[in-house]
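In this text, all values refer to a predicted model and were calculated from it rather than measured experimentally. By convention in this document, chain letters (A, B, ...) are assigned in the order of the sequence lines, proteins followed by strands, and residues within each chain are numbered from 1.
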Amino acid sequence: MTDISQSGPMLAADGTPLKRSLARALRMQKLRALMLIAPLLLFILLTFILPVADMLYRSVDNRIVQDVLPRTIEALEDWDPGSNQLPEEAAFAALAADLKDAANAKTHTKVAKRLNYENPGIASVFRKSGRKVKKWDVENDGPYREKLIELNDGWGDVDLWKTIKTYSGVRTAGYFLNAVDMKLGADGAEVRPENERIYNTLLIRTMRMSLIITFSCILLGYPVAWLLANLPASKANLLLILVLLPFWTSLLVRTSAWKILLQQQGVINDTLVWIGLVDDANRLVLINNELGTIIAMTHILLPFMILPMYSVMQTINPTYMRAAKSMGATDWTAFWRVYFPQSVPGIGAGSILVFILAVGYYITPALVGGTKGTFISNLIAYHISTSGNWGLGAALGAILLAVVLLLYWVYDKIVGIDNVKLG
Amino acid sequence: MADASNVDAFVEFERVQKSYDGENLVVKDLNLTMPKGEFLTMLGPSGSGKTTCLMMLAGFETATHGDIRLDGVSINNIPPHKRGIGMVFQNYALFPHMTIAENLSFPLEVRKMGKSEREEKVKRALDMVEMGAFGGRRPSQLSGGQQQRIALARALVFEPELVLMDEPLGALDKQLREKMQFEITHLAHRLGITVVYVTHDQTEALTMSDRVAVFDDGRIQQIAPPDQLYESPENSFVAQFIGENNTLEGTVKEINNGVALVQLDDGELIDCKPVNVSRPGERTRVSIRPERVEYNKERLQEGAHTLKAEVLEFIYMGDIFRTRLRVAGNDEFIIKTRNAPDQTRLQPGQQIEIGWLPEDCRALDA
């Protein structure tokens with residue numbers, strides 16, 4: 001007989017600790033489960049997580065300046081930009097050497113492009129000088145200060161040197177400052193002049209309009225979801241198909257349809273004029289502004305609000321309402337005190353879904369938003385695909401991500417994320 | 001018969017009919033009168049119309065035809081929230097987003113009662129069901145039996161005179177159910193409230209009620225106190241539905257002095273009490289309770305008709321013995337005997353003679 005009243009860890013029948021024994025027994029199971037999800041995990045890692053991480057890193061990445069102008073940066077180390085004096089001859093010599101190597105490797109345009117974001121005009125100075133410096137004998141052609149300024153008087157501008165020095169680090173906050181309408185001056189961060197500010201306005205507009213769209217979706221979607229959950233099954237199914245119908249049509253087609261409906265010579269205005277509600281000379285401006293974006297996006301995102309609300313409402317037993325009424329509550333009180341609180345998780349889930357989709361939307365605002373109704377994502381798209389300023393695009397994207405996470409956190413504090421359910 | 005003239009009537013159904021689809025009647029010509037303070041159970045199989053009746057009384061369904069009166073006032077057009085009827089639901093319907101105290105406070109709040117009075121009443125109601133310490137909990141933190149008590153307290157907290165209960169004990173296990181049955185009846189009698197209780201469990205109906213209304217096919221088949229219902233069923237449905245029952249089929253030979261002579265289909269003759277047979281030649285179903293069957297010759301009445309029986313199966317059930325017999329071609333004839341020291345245990349294959357008192361053997365409709 002073994003002594004059962006032993007102290008210490010529980011032992012299995014063969015004397016090994018029970019915990020180890022259990023872990024061994026479960027290991028195979030865990031391994032098999034891991035193997036099952038491994039392909040998806042790998043796919044997500046390669047196609048989603050790594051690219052997103054890379055994109056986010058681009059928002060602070062500034063290695064190009066260091067890589068292309070190493071000697072210049074070293075020579076500028078002792079230079080005080082606050083003195084408003086041009087740097088010493090050594091810096092010019094280093095620049096000439098760097099520029100020659102860069103021009104041979106054709107990297108001088110890249111650094112030019114990077115610095116041009118911070119100080120427009122630099123690009124042409126670099127590009128023009130690059131071609132010439134290529135032919136110089138950098139060992140013996142000095143002194144370079146006069147030579148370079150002669151080549152392009154841009155080199156005689158102290159601001160150009162300040163920019164190079166300010167953006168000489170491997171990482172920079174420049175893109176992020178840019179994204180919030182600030183810039184990195186010689187004395188640290190400063191707000192841009194009023195006529196250069198665009199991103200803050202756009203970010204706030206994106207948030208505001210996304211909230212309006214979310215609330216419109218709640219108002220329009222709630223009664224529909226209620227009907228869906230309370231109609232007999234056959235009718236509810238038909239209604240559900242109607243709710244899902246828009247998904248069967250291309251997003252572009254739906255957005256274009258709104259263009260036809262909303263434009264000044266469009267169906268809605270024609271009808272209103274024909275009825276006599278609107279004067280022919282004062283047709284309503286329903287598109288290419290905020291209103292157009294709100295109308296079209298509310299319509300497009302409505303199913304994402306209705307479906308979670310519907311699935312939550314389906315779980316609310318109708319006897320709750322009956323119980324409330326049997327206790328003396330009017331229809332409205334029973335709804336407001338008993339039914340509505342139980343449907344809040346559905347509203348929460350729908351709102352999060354719609355808001356997050358709305359914040360990142362860009363096709364619809366681009367098509368019906370004109371200039372007043374565009375979103376921050378339209379500018380992100382512009383920087384990624386047109387202007388080529390990936391760093392700024394990445395910074396804007398990162399800010400958008402941060403704001404959404406912040407709102408998600410606020411929502412969790414106020415409503416509680418456990419209160420969100422999709423059914 | 002409708003007894004609308006009854007001055008004591010508190011709840012009245014007069015010629016009430018209900019149809020959902022305009023083609024079939026779920027409730028057919030229902031007449032019912034309840035005095036104040038009565039505990040009435042509506043018993044019946046599912047689809048018999050009992051729950052529909054309860055819902056019409058509560059106001060969640062409207063009667064297609066007829067009149068429902070509460071305390072002499074027709075309530076057909078009064079919405080549920082103005083009827084002042086307490087109700088306990090099958091799944092309790094405790095509001096999951098409110099605490100127990102908030103649940104109980106709800107009916108008082110909608111009556112615009114002051115805060116201190118509300119708290120006082122909630123406390124009293126919780127103490128009444130011995131749940132005083134649970135006011136701050138959520139319904140999901142309570143066991144089924146506790147939720148049941150809260151549902152009861154919530155239906156009673158605004159002091160309604162009439163309380164409806166729709167299979168309130170259906171979700172509880174057997175022991176708890178029996179305990180709650182007693183608690184509910186005691187509470188109802190102590191508070192003097194009128195209760196309409198719906199169930200499909202006949203034991204529940206028998207143990208709890210002052211009167212039981214047996215529903216089938218949209219009609220009340222019989223309405224009577226439990227003992228009458230069990231011992232004197234008025235038709236074969238009630239006999240079959242309430243308790244265990246043996247049925248033998250046959251034809252009435254003659255009726256003399258309140259005793260009917262029935263010839264069973266295999267030719268044997270037995271004496272019965274005629275209940276709803278009136279003339280010789282009529283087909284009948286004879287009903288005998290298993291515990292009223294006697295096979296000990298010494299205890300049988302002199303000259304009573306007996307039947308031959310073969311023992312098919314003997315089941316030991318602890319407090320009772322249950323024996324399955326073949327009697328007059330019926331293989332499902334059951335007798336129940338008490339497990340007493342002097343009781344003989346029958347063996348399968350044994351041939352015995354069985355008999356009973358004529359009044360225990362009721363000749364009902366075929």
When the 4.5 angstrom heavy-atom criterion is applied to F60(B) and chain A, the contacting part is both

If one checks every heavy atom of L108(B) against chain A at 4.5 Å, the contacting part turns out to be neither

Taking atom types as modelled and ignoring hydrogens, do the side chains of Y361(A) and T293(A) form a donor-acceptor contact shorter than 3.5 angstrom? no

Okay, N91(B) and chain A: the region with an atom under 4.5 Å from a heavy atom over there is side chain

From the list M98(B), K82(B), R83(B), the residue making the most non-hydrogen contacts under 4.5 Å with chain A is M98(B)

Exercise. Taking it one step at a time, do R177(B) and D173(B) satisfy salt bridge (charged side-chain N to carboxylate O under 4.0 Å, His left out)?
Worked result: CA-CA 6 Å; R177(B) 198 158 60 215; D173(B) 62 62; over 6 Å; no

Using the benzene-type ring in the case of Trp, are the ring centres of F304(A) and F247(A) under 6.0 Å apart?
yes

Between F375(A) and Y362(A), is the gap from one ring center to the other below 6.0 Å? no

Counting heavy-atom pairs under 4.5 Å with chain A, the top scorer among M87(B), E109(B), Q90(B) is E109(B)

ask   = How are the rings of F340(A) and F335(A) set to each other: parallel, tilted or perpendicular (split at 30° and 60°)?
value = tilted

